[in-house]
Student: 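Below: one structure in structure tokens.
Side-chain atoms are counted along with the backbone in the values below, which use heavy atoms only and exclude waters and symmetry mates.
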Amino acid sequence: KNTDLFLLMPSYKNLSFPKTTDKFSLIKKKAQKDAKRWINLWKKTNKKIIQTTFDPPFYSNFGEVDGVKLGGYLHYIRLVNSVLIEKKPSNVHLVDIENLIFKNKKTKWNDSKIYNLTKQPFSMETIPILSNQIGNAAKGMFGLAKKVLVIDLDNTIWGGVIGDDGLDNILLGSDTVEGEAYQNFQEYLKGLTEKGIILCVCSKNDEKISKNAFLKNANMILKIEDITVFKSNFSDKASNIKEISKMLNIGLSSLVFIDDSKFECNQVKKTIPEVMTLKLSDDPSEFIEILESASPFYFNNISKEDLSRVSTYKKITKINSKIENSKNLESFLKSLKSQVVIEKISKKNCERSSQLIAKTNQFKLNSKLFSSKELIQKDALCINYKDIHQDYGNIGVVIYKIKEGKELTIENWVMSCRVFSRRIEFFIIEFLLDKAIKNKCGHLSFRFLKSEKNLYLQEFLNNLGLNIKDQN
């Protein structure tokens, strides 16, 4: 009951490999049977599960063509893994062992002596690599993965210093080895934005000169529209990163910063240690590998909200700026023509709702998590929001239970930082109070866990007249 996460690490030794004479129909049936053991195990819990895929054995059935020939051991393992991938529910994360082996070619993965002694499926050498991968997967599943990538410009997405070398003399494009490497890195970064990672610029340059590269250099893969917040000035980078965090309404611990300068990286690490800071090497062909090795992002369950996150946050920064500078806040909020739709959680919105509970930190009553299956079985509400600028979709979840004539208990309540400062939280509390009154409840109760991240929620509770002093 108190377990948050299960870790499963099967081995190829658990498989029933096909015979050389088996036909494909029989091989397929065997693969489905081997996979079904694990699929049936998944069904026994709604809790989060991390499972490694089956690892290739150190020996083969057909030598070099083992992976592309029916009856090959590597072919069979890939077949079993493909069934697991196809049947995987949202609460299961698969760690791709074959991909890890490919990325860590110098590491010895199999150790028969260790297996015979302890039944540990991997060698001792692999433990740091596996631990890092499993740890990153767990962070992602519990909403602790990074959401924002802050990039330097000079010697990061192009070669050279644009302020000194000029727009036409930066290294970028297939004319040179280095220029092509920078272009490949830009393609990789653009791919991240397409999966919902927010890309921001933090550079010590004149803003006009920096933006000209995006607007006028034909070799640029990244466009100005791909950048959510553009900070190009001569202030220290730590201050600019803090400003980016504030503009996005996203905590510093959700940010990654990359730079080629050792000085800049050390300054950011020292000033804001919450930000993951990665120092790039002198070789641009290694940049993708450096970022991939850190595995800061999580792409297991990508929702439609994730896919539209970049465009959403570009609009949010503009709205937040207007809110901050507005002389008549009431009038401005009314001009947004906000609409809130509250509906019961069902099969159509349970996945996103479960994901939102895991990912949210700044407006979250406590650390209790709910799987999509659990949410359907609960009294749980999905909160949708739209205004004249955009339909934001599901921006909040409330899970509650009612003891009629006694109290309404909020088990958890989360709200996305995308819609802070719209006063939606006041609307929701009025809705819950009304529900409590209709059910003749004398009390509305909840468990609150104070943290360094839910400061916005603490301020809201204080505004309600609740004095938050204790940790819980």
Student: Please round to the nearest 0.5 Å and tell me the distance separating atom NZ of K190 and atom CG of L199.
Tutor: 9.5 Å
Student: Is the backbone N or O of I162 less than 3.5 Å from a side-chain atom of D154, with the two atoms forming a donor-acceptor pair by type?
Tutor: yes
Student: If only atom types and distance count, is the side chain of T126 paired as donor or acceptor with the main-chain N or O of S123 below 3.5 Å?
Tutor: yes
Student: Quick one: does K195's side chain have a donor or acceptor within less than 3.5 Å of a partner on G191's backbone?
Tutor: yes
Student: So with a 6.0 Å cut-off around NZ of K87, is the heavy-atom count from everything else above 12?
Tutor: no
Student: Calculate, to the nearest 0.5 Å, the distance between atoms NZ and CE belonging to K47 and M141 respectively.
Tutor: 12.5 Å
Student: Is the gap between the ring centers of F460 and F363 under 6.0 Å?
Tutor: yes
Student: Checking K334 against F332: charged group under 6.0 Å from the ring centre and within 45 degrees of the axis?
Tutor: no
Student: Distance check, rounded to the nearest 0.5 Å: N366 atom CG versus L457 atom CG?
Tutor: 10.0 Å
Student: List the steps and the verdict of side chain to side chain contact (heavy atoms under 4.5 Å, CB included) for I342 and F427.
Tutor: CA-CA 11 Å; I342 300 173; F427 177 82; 4.0 Å; yes
Student: Find out whether L84 and F54 are in side-chain contact, i.e. whether some heavy atom of one side chain is under 4.5 Å from a heavy atom of the other.
Tutor: yes
Student: For N110 and Y12, run side chain to side chain contact (heavy atoms under 4.5 Å, CB included): C-alpha distance rounded to whole Å, both residues' side-chain angles, the deciding distance at 0.1 Å, then the answer.
Tutor: CA-CA 10 Å; N110 297 110; Y12 69 86; 3.5 Å; yes
Student: Between the side chain of D226 and the main-chain N/O of L222, is any donor-acceptor distance below 3.5 Å?
Tutor: no
Student: Within the distance-only criterion (no hydrogens, no angle test), does the side chain of K279 pair as donor or acceptor with the backbone N or O of D260 below 3.5 angstrom?
Tutor: yes
Student: Check whether any side-chain N or O of E374 sits under 3.5 Å from a backbone N or O of S371 as a donor-acceptor pair, and report yes or no.
Tutor: yes
Student: May I ask you to decide if R418's main-chain N or O and N249's side chain share a donor-acceptor pair within less than 3.5 Å?
Tutor: no
Student: Which atoms form the tightest heavy-atom contact between I50 and A138, and what is the distance?
Tutor: CD1-N, 3.6 Å
Student: Using every non-hydrogen atom in the two residues, find where S338 and L333 come nearest and quote the distance to one decimal.
Tutor: OG-O, 4.4 Å
Student: May I ask you to test the L375-I357 pair for a side-chain heavy-atom distance under 4.5 Å?
Tutor: yes
Student: Below 4.5 Å, heavy atoms only, C-beta onward: do L461 and Q458 meet side chain to side chain?
Tutor: no
Student: K237 versus T271: any side-chain heavy-atom pair under 4.5 Å?
Tutor: no
Student: Show the nearest heavy-atom pair for residues S245 and G251, with the distance to one decimal.
Tutor: OG-C, 3.8 Å
Student: Quick check against the 3.5 Å criterion: does N104 have a side-chain atom that pairs as donor or acceptor with the backbone of T107?
Tutor: no
Student: Whether the side chain of S293 engages the backbone of E289 through a donor-acceptor N/O pair (distance < 3.5 Å, no angle test) should be reported.
Tutor: yes
Student: Taking all atoms of both residues into account, what is the closest heavy-atom pair of Y182 and L171, and its distance?
Tutor: CD1-O, 3.7 Å
Student: Between N233 (side chain) and E207 (backbone), is there a donor-acceptor pair under 3.5 Å?
Tutor: no
Student: A side-chain contact here means heavy atoms from C-beta on lying under 4.5 Å apart; do F58 and S112 qualify?
Tutor: yes
Student: Salt bridge between R423 and E330, side-chain N to carboxylate O under 4.0 Å?
Tutor: yes
Student: Does NZ in K119 sit with more than 12 non-hydrogen atoms of other residues, nucleotides or ligands closer than 6.0 Å?
Tutor: yes
Student: Test side chain to side chain contact (heavy atoms under 4.5 Å, CB included) on F426 and N463 and set out the steps.
Tutor: CA-CA 10 Å; F426 291 95; N463 287 335; 4.3 Å; yes
Student: Within the 3.5 Å criterion, strictly below it, is a donor on S261 or D259 matched to an acceptor on the partner's side chain?
Tutor: no
Student: In Å and rounded to the nearest 0.5 Å, what is the SG to CD1 distance from C200 to I241?
Tutor: 10.0 Å
Student: Would one find more than 12 heavy atoms of other residues, nucleotides or ligands at under 6.0 Å from atom CZ of F234?
Tutor: yes
Student: Taking the six-membered ring of F230 (Phe, Tyr or Trp), confirm whether the NZ or CZ of K211 is under 6.0 Å from its centre and within 45° of its axis.
Tutor: yes
Student: Taking C-beta and beyond as the side chain, do W109 and L130 meet within less than 4.5 Å on heavy atoms?
Tutor: yes
Student: Got more than 12 heavy atoms from elsewhere within 6.0 Å of NZ, K88?
Tutor: yes
Student: When you measure from the centre of the six-membered ring of Y115, is the NZ or CZ of K13 under 6.0 Å away and within 45° of the axis?
Tutor: yes
Student: Does one side chain, of N394 or S353, offer a donor that lies under 3.5 Å from an acceptor on the other?
Tutor: yes
Student: I'd like to check I77 versus P57 (side-chain heavy atoms, cut-off strictly below 4.5 Å). Are they in contact?
Tutor: yes
Student: Step by step, would you call H93 with K48 a side chain to side chain contact (heavy atoms under 4.5 Å, CB included)?
Tutor: CA-CA 8 Å; H93 177 100; K48 298 184 187 302; over 6 Å; no
Student: Decide if atom NZ of K139 counts as having more than 12 heavy atoms of other residues, nucleotides or ligands within a radius under 6.0 Å.
Tutor: no
Student: Taking all non-hydrogen atoms of both residues, which atom of D55 and which atom of S11 are closest, and how far apart?
Tutor: OD1-CA, 3.5 Å
Student: If you look at every heavy atom in P89 and W42, which pair is closest and at what distance?
Tutor: CD-CE3, 3.5 Å
Student: Kindly compute the distance separating SG (C202) from CG (D152), expressed to the nearest 0.5 Å.
Tutor: 7.5 Å
Student: Given side chains that start at C-beta, do those of F142 and L5 come closer than 4.5 Å, heavy atoms only?
Tutor: yes
Student: Parallel, tilted or perpendicular: which describes the rings of F448 and F446, with under 30° parallel and over 60° perpendicular?
Tutor: perpendicular
Student: State the CG-CZ distance between N412 and R447, to the nearest 0.5 angstrom.
Tutor: 9.0 Å
